[in-house]
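Note that ligands are numbered from 1 as they come in the structure, with each ligand's atoms numbered from 1 the same way.
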Amino acid sequence: MGAIVKADRMRSGDVVVGVTPAIAPVVGAVSYPFLLVIFHQIVGRSGNPLSTLQVIAASVVLASTAAIPAVAIWTVYRCNLPTALRRLCYFTVVAPTLYVFLGVLLTLAGANISDLVVWVGVWLLLAGIAVIAGRSEESVVPGKIPTWLRVAHGISAAILCAYILFHLANHLVGLRGPAAHAQVMAAGRSIYRASIIEPLLVMMLLFQVATGLQLAWRWSASRQDFFRTFQIASGVYLAIFILCHMNSVFVYARLVRGIQTDWTFATGSAPGLLRDPWNIRLVPHYAIGVFFVLSHLASGARIVALSHGLVRLGANRLWLFGATLSAAIAIAILSGMCGVRV
Ligand code: HEM
């Protein structure tokens with residue numbers, strides 16, 4: 001925390017740096033699915049128990065997928081990149097959820113092409129566009145962010161909190177087993193699947209994505225302090241996560257496949273999340289999704305606390321507590337989904 005505050009003080013008079021700092025986030029995003037392949041090679045398909053060494057190696061590889069968004073956030077925060085490259089780095093944060101989205105879209109399209117080929121192609125294209133745009137860029141003057149947009153985004157988030165907190169609590173109950181999870185879900189469905197509520201919920205989430213992306217676009221026109229950088233990055237991840245998640249639940253599962261969107265669906269059916277080469281991508285996608293949705297709310301709470309007169313140090317500590325709790329909840333939910341029981 002001290003390093004972040006110190007670096008924030010050193011920001012005035014920064015010169016715009018070149019392409020080099022953006023290389024690490026882009027390489028991270030490109031290599032993301034290859035980390036999953038390595039994970040699967042270690043865990044194997046045999047179903048035999050793993051040795052301690054294999055468990056440690058697999059955990060390190062899986063945990064390193066979380067380093068990809070972290071490196072991107074740190075790069076955007078520390079380096080005064082040209083705007084196009086800053087935005088590209090923000091976008092690399094979404095790699096874990098974009099890879100799920102890509103996989104589902106290719107399945108829906110019945111495309112006979114490897115996810116890996118499309119993945120590498122997409123990132124090379126995006127990087128090429130950003131480098132060219134960054135070179136010819138005039139200095140971008142950030143437009144004023146309309147107050148109504150921030151207020152509308154905040155109010156709608158506060159309302160959506162009711163569903164999101166219930167939903168995540170429901171997944172936490174998975175630590176007690178599938179039956180307990182199903183019982184809580186059945187109670188919740190009687191409300192959130194009601195014919196008036198469900199379309200409203202989806203519309204509000206789409207509104208959240210649209211307003212969030214507008215805010216992120218405007219804020220990302222210039223370099224921000226650490227907390228704002230984190231808020232923008234987590235928001236961009238959530239925008240893609242929500243679109244991907246809605247597509248998986250409503251289009252892929254319910255509309256096209258006609259399958260129940262229950263515990264079995266969420267945990268990767270018979271092969272489970274960890275041993276299946278496709279399903280493994282759901283682990284970072286969900287874990288980082290849960291972490292970012294809760295820590296994004298903590299970022300919003302920090303701004304509200306500051307505007308109500310809380311001293312900066314107190315507000316920063318509040319955020320740190322929120323982010324730590326978010327990580328603990330994400331790990332607990334995913335542990336339950338991978339078979340841990342309490
Ligand atoms: C571990 C993380 C998560 C898992 C495993 C998960 C899984 C699921 C499942 C299985 C459903 C279908 C529910 C049903 O049929 O009743 C669902 C629906 C939904 N999820 Fe999630 N979810 C996760 C995180 C999130 C997050 C972070 C958000 C919000 C940002 C979210 C938003 C929604 C919404 C809006 C629906 C549609 C509700 C409806 O059926 O009307 N989920 N999710």
Side-chain angles (χ1 to χ4, degrees), residues 66 94 96-97 100-101 104 153 156-175 178 180-213 234-269 272-274 279-300 325-340:
V94 310
T97 193
V100 173
F101 207 178
V104 176
H153 188 73
S156 141
I159 301 169
L160 278 169
C161 261
Y163 172 78
I164 292 172
L165 295 182
F166 168 79
H167 193 48
L168 297 187
N170 189 174
H171 292 315
L172 257 184
V173 173
L175 281 164
H181 178 271
Q183 211 176 356
V184 175
M185 187 179 257
R189 277 178 174 177
S190 63
I191 300 171
Y192 69 74
R193 278 214 185 172
S195 51
I196 319 171
I197 309 242
E198 195 170 42
L200 267 178
L201 180 63
V202 174
M203 273 166 54
M204 284 189 71
L205 274 164
L206 295 179
F207 175 80
Q208 205 63 21
V209 169
T211 51
L213 284 177
S234 52
V236 174
Y237 184 96
L238 287 175
I240 305 298
F241 177 89
I242 289 169
L243 294 177
C244 168
H245 197 47
M246 298 292 94
N247 180 58
S248 298
V249 170
F250 290 102
V251 181
Y252 173 76
R254 294 198 201 155
L255 191 69
V256 176
R257 299 277 315 275
I259 47 178
Q260 281 289 326
T261 47
D262 52 12
W263 177 261
T264 311
F265 165 76
T267 55
S269 306
L273 291 178
L274 293 177
N279 288 348
I280 183 60
R281 72 182 79 187
L282 294 172
V283 174
H285 157 79
Y286 280 140
I288 298 171
V290 173
F291 170 68
F292 273 155
V293 79
L294 294 174
S295 53
H296 190 75
L297 290 171
S299 300
L325 189 63
S326 309
I329 293 173
I331 292 169
I333 290 179
L334 266 293
S335 302
M337 291 176 70
C338 293
V340 174

Which pairs with one or both residues in residues 201-211 pass salt bridge (charged side-chain N to carboxylate O under 4.0 Å, His left out), sequence neighbours excluded? none
Residues which pass side-chain contact (heavy atoms from CB on, under 4.5 Å) with Val104, listed by chain and number, not counting sequence neighbours: Val100, Leu108, Asn247, Ser248, Tyr252, Trp278
Holding to side-chain hydrogen bond (donor to acceptor under 3.5 Å, both in side chains), I want the full list of residues that pass it with Tyr192, two or more places apart in sequence or in another chain. none
Give a table of atom pairs where an N or O of ligand 1 lies under 3.5 Å from a protein N or O.
residue: ligand 1; atom: 15 (O); partner: Arg189; partner atom: NE; Å: 3.4
residue: ligand 1; atom: 15 (O); partner: Arg189; partner atom: NH2; Å: 2.7
residue: ligand 1; atom: 15 (O); partner: Arg193; partner atom: NH2; Å: 2.5
residue: ligand 1; atom: 15 (O); partner: Arg254; partner atom: NH2; Å: 3.2
residue: ligand 1; atom: 15 (O); partner: Thr261; partner atom: O; Å: 3.0
residue: ligand 1; atom: 15 (O); partner: Thr261; partner atom: OG1; Å: 2.5
residue: ligand 1; atom: 16 (O); partner: Arg189; partner atom: NE; Å: 2.7
residue: ligand 1; atom: 16 (O); partner: Arg189; partner atom: NH2; Å: 3.4
residue: ligand 1; atom: 16 (O); partner: Tyr192; partner atom: OH; Å: 2.5
residue: ligand 1; atom: 20 (N); partner: His167; partner atom: NE2; Å: 2.9
residue: ligand 1; atom: 20 (N); partner: His245; partner atom: NE2; Å: 2.9
residue: ligand 1; atom: 22 (N); partner: His167; partner atom: NE2; Å: 2.8
residue: ligand 1; atom: 22 (N); partner: His171; partner atom: NE2; Å: 3.4
residue: ligand 1; atom: 22 (N); partner: His245; partner atom: NE2; Å: 2.8
residue: ligand 1; atom: 40 (O); partner: Glu198; partner atom: OE2; Å: 3.2
residue: ligand 1; atom: 40 (O); partner: Arg254; partner atom: NH2; Å: 2.7
residue: ligand 1; atom: 41 (O); partner: Glu198; partner atom: OE2; Å: 2.5
residue: ligand 1; atom: 42 (N); partner: His167; partner atom: NE2; Å: 3.0
residue: ligand 1; atom: 42 (N); partner: His245; partner atom: NE2; Å: 2.9
residue: ligand 1; atom: 43 (N); partner: His167; partner atom: NE2; Å: 2.8
residue: ligand 1; atom: 43 (N); partner: His245; partner atom: NE2; Å: 2.8

So does Ser295 get a backbone contact from the side chain of Ser326, meaning a donor-acceptor N/O pair under 3.5 Å? yes
Can you say whether the rings of His167 and His245 are parallel (under 30°), tilted (30 to 60°) or perpendicular (over 60°)? tilted
Less than 4.5 Å apart, any side-chain heavy atom of Phe265 and any of Gln260? no
